[in-house]
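The analysis underlying the following values was restricted to heavy atoms, covering all of them including side chains, and did not include hydrogens, waters or symmetry mates.
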Amino acid sequence: MPPSAGHAEIRIVAATPEAARAVAQVIRRSFAGAEQRSYPVSVGGTRLHLTVDTESSAEPALSRLATSRPSSRTGTHDDEV
């Protein structure tokens, strides 16, 4: 089920919990309302899920999002449902 309007879900997969938390910390500086859930990854590592409020973004994040180009790597990853 997709997140509610004005929110986005972010999944971070990292080799260590510390690496996942470091990335999450950067995201929290740009977006409000970070609800966080952490899960182990079957091959080792950590998967961190964040839900952020995209309507309460910091101005620099909005400018960056507006000017960014779409990635050539679109679609779901093999391990996503």
Subject >> Residues in side-chain contact (heavy atoms from CB on, under 4.5 Å) contact with Ala15, at least two apart in sequence or another chain >> reply: none
Subject >> Any Val13 side-chain heavy atom under 4.5 Å of Thr46 side chain >> reply: no
Original post:
For the atom pair CG (Leu50) and CD1 (Ile27), what is the distance rounded to the nearest 0.5 Å?
Top reply: 5.5 Å
**OP:** For Ala19, check side-chain contact (heavy atoms from CB on, under 4.5 Å) against everything at least two apart and list the hits.
**Re:** Ala14, Thr16
Original post:
For Val52 and Phe31, which heavy atoms make the closest approach, and how far apart are they?
Top reply: CB-CB, 3.7 Å
**OP:** For Thr51 and Glu9, indicate whether the former's side chain and the latter's backbone hold a donor-acceptor pair under 3.5 Å.
**Re:** no
Subject >> From CD (Glu55) to NE2 (His7), nearest 0.5 Å >> reply: 7.5 Å
Original post:
How close do Ser38 and Leu48 get, heavy atom to heavy atom, and via which atoms?
Top reply: CB-CD1, 3.9 Å
**OP:** Please report the shortest heavy-atom distance between Ala24 and Ile12, naming the atom on each side.
**Re:** N-CD1, 3.8 Å
Original post:
What distance separates His49 NE2 from Arg11 CZ, expressed to the nearest 0.5 Å?
Top reply: 4.5 Å
